[in-house]
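For reference, the structure is listed below as structure tokens.
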Amino acid sequence: MDKLNQTAEIIRVRFAPSPTGYIHVGNARTALFNWLFARQKGGVFVLRVEDTDIERSREEYERNLIQDLRWLGLDWDEGPDVGGNYGPYRQSERLELYHKYAKQLLDEGKAYYCFCSPEELEKEREAALAEGRMPVYSGKCRNIPRKEAEKRRAAGEPAAIRLKVPDEGIVEFDDLVRGHVEFDLKLIGDPIIVRSNGMPAYNYAVVIDDALMNITHVVRGEDHVSNTPRQILLYRALGWQPPVFAHLSMVMGKDNTRLSKRHGATSVDQFRREGILAEALCNYLAFLGWSPPEGHEVLRLEELVRLFDLSRVSRSAAIFDYEKLHWLNRQHIKMLPAEKKLELALPYLQETGLVGTEVTPAQMDWLKKAIEILIEGVDKFSELPQKFSLLFDFEPEKLDEEAREIIGSELAKKVLAAFIQKTAGLQEFNYEIFARITGEIKKETGVKGKDLYHPLRVALTARASGLELDKFIPLVEEGARLNFPKSILSCLVRLNRIKTSLNL
RNA sequence: GCCCCUGUCGUCUAGCCCGGCCUAGGACAUCGCCCUUUCAAGGCGGCAACACGGGUUCGAAUCCCGUCGGGGGCGCCA
């Protein structure tokens, strides 16, 4: 347990995903916790690719994985793409290593060949389950003499290699987040360490890799707790000292089942596309099961590194809350400089065709101002184009009920009539003119406040809600002169349209 | 079924290890008010939890036992 304090040795942790698709937020959290721990302790963070499942592993998945992790803001000191002194960092390139130690275990009589067929084993398992026992391998092949086993193998009989596990006793370990955990050896059968196709089994490969890579702390998901005793047994058989373990609780969906697609976005990639900031996602992920001693919740990566503490990680599963993620994202967006917001928002606006691929400096300048105003209260960047439709779309024929109601009152009609009359013949329009005119109307009719501004907003935007007009008018007037692919109508044009549309 | 882990507001959690400072704190969500040229944002305030049952103790969210709930595992997947 106190390997942490008692040694001056450098802390080495790893994140070891299998490249079988896009990286899930649950795994991302594991990666983040490892990274935070390493960075805070001045340790080493290793990326290792567990690609021994030939069926599911794809090279492109490794690229996705690296891309996602980098996007999150994580970096590693050793890994398949950056090298290091403990390589190779792909399990598929470490096969000789696994074979070497398997042979050693075989030679020392700590492991043996098993000729049982999968069908046979399946039958035994079912029988055990039916009797209410935990399915444990019978040890049938345990005592086949090595010579005989070699002969059968030479004859072409497929064989897996199993580790011999003591029949009695307990295996225990002190988990950094869960405390003391122990397992009864009676319930642990001899695990397969090398499959009959020659590939190492997961429980074996991790041990070889973690040990050879000098990993001091294994921080991983709770789903590995029950693998831990088997792995410890392997460390023992090899005469190695096991690392310190820390098992993180699972991330669940709203209905308390494992977070999956049906709960919404679950891959890092999806969040990135939606316009969730990496910092916000890290911030949120860090708070899934962990909280800093002081109450601040909106934290940047460096602050997380400073405050992070594995022993403060909670042991119970956490439900992924999109609302809170969005709130954090809003907070992080707010902290961004205007240039950065523009840079991040641009692709979304281009994608929806509001903005062309070529953007003039004047358009850029306008966009920066518009984004600064419209981003308020937006959960993620993908929602921004929707917000921009306030500026780009004007459809007086499609007023909603609320807008009709506002514009339908006697008072509203009076205001609109006056406004239209006072703007008739104007060649130019801006907020100063608007303010002057509304001032006059106020004086002449006595209408003020909401009664005055609501109808005017409906007239200028064709909707019941939107921006304050002192922000809206300058944006629209300037935007109207900028030749966007989809043009913005000036206020005077809008007024004309609404006039004909409503027959005023 | 068996094994392991876990159980504080709807959600994330603080407090638990070292019982009294807990009338259980914060954040998201929600509700209300304020601000206001709507909405939002912001400010202020409200609602809201120690799973249950037994102990131990002068005193228990905190310690012990049991029950129930939730999760994970039980692969020649990782």
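Note that the coordinates shown come from a computational prediction; the quantities given were computed from them, not determined experimentally. The sequence lines fix the lettering, A, B, ..., with proteins before strands; numbering per chain opens at 1. Every heavy atom of this structure was used, including side-chain atoms; hydrogens, water molecules and symmetry mates were not.
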Ring centres under 6.0 angstrom apart (A:Tyr204, A:Tyr101): no
In whole Å, what separates the C1' atom of B:U67 from that of B:C47? 31 Å
Rounded to whole angstrom units, what separation is found between the CG atom of A:Asn329 and the P atom of B:A41? 15 Å
Suppose you measure atom P in B:C33 against the same atom in B:G25; what distance do you get, rounded to whole Å? 25 Å
Can you confirm whether or not the ring centre of A:His326 sits under 6.0 Å from the ring centre of A:Tyr284? no
Tell me: NE2 of A:His296 to C1' of B:C12, nearest whole Å? 18 Å
How far does the P atom of B:U8 sit from the matching atom of B:C16, given to the nearest Å? 16 Å
Taking the C1' atom of each, how far is B:C18 from B:U23, in whole Å? 24 Å
How close or far is atom P of B:A40 from atom CG of A:Leu390, stated in whole angstroms? 15 Å
For B:A51 versus B:U62, give the span between their C1' atoms, rounded off to a whole number of Å. 16 Å
Indicate the ring-plane relationship of A:Phe37 and A:His217, choosing parallel, tilted or perpendicular according to the 30° and 60° boundaries. perpendicular
Is it true that A:Arg90 and A:Asp209 have a side-chain N and a carboxylate O under 4.0 angstrom from each other? no
Just by protein heavy atoms under 4.0 Å, how would nucleotides 24-37 of chain B read 5' to 3' in B, S and -? --BBSS-------B
Atom-to-atom span, CZ of A:Arg312 to C1' of B:C12 - whole angstrom: 14 Å
CE of A:Met335 versus P of B:G42: gap in Å, rounded? 13 Å
Establish, from distance only, whether the side-chain atoms of A:Thr266 and A:Arg258 form a donor-acceptor pair under 3.5 Å. no
Does B:A78 have its OP1 or OP2 closer than 4.0 Å to a side-chain nitrogen or oxygen of A:Arg48? no
Are any of the side-chain nitrogens in A:Arg262 or A:Asp255 under 4.0 Å away from the carboxylate oxygens of its partner? yes
When rounded to the nearest Å, what value does the distance between P atoms of B:C63 and B:C17 take? 5 Å
Rounding to a whole Å, what distance do you find between A:Asp184:CG and B:C3:C1'? 9 Å
Using 30° and 60° as the class boundaries, would you call the ring planes of A:His247 and A:Phe245 parallel, tilted or perpendicular? parallel
Can you check each nucleotide of nucleotides 66-76 of chain B against protein heavy atoms at under 4.0 Å and return B for base, S for sugar-phosphate only, - for none, in 5' to 3' order? ----SBSBBSB
Spacing of the P atoms in B:G69 and B:G59 (rounded, Å): 32 Å
Parallel, tilted or perpendicular: ring planes of A:Phe429 versus A:Phe419, cut at 30 and 60 degrees: perpendicular
When the C1' atoms of B:C12 and B:A48 are considered, how many whole Å apart are they? 15 Å
Using a strict cut-off of less than 4.0 Å between a Lys/Arg side-chain nitrogen and an Asp/Glu carboxylate oxygen, indicate whether A:Asp167 and A:Lys186 qualify as a salt bridge. no
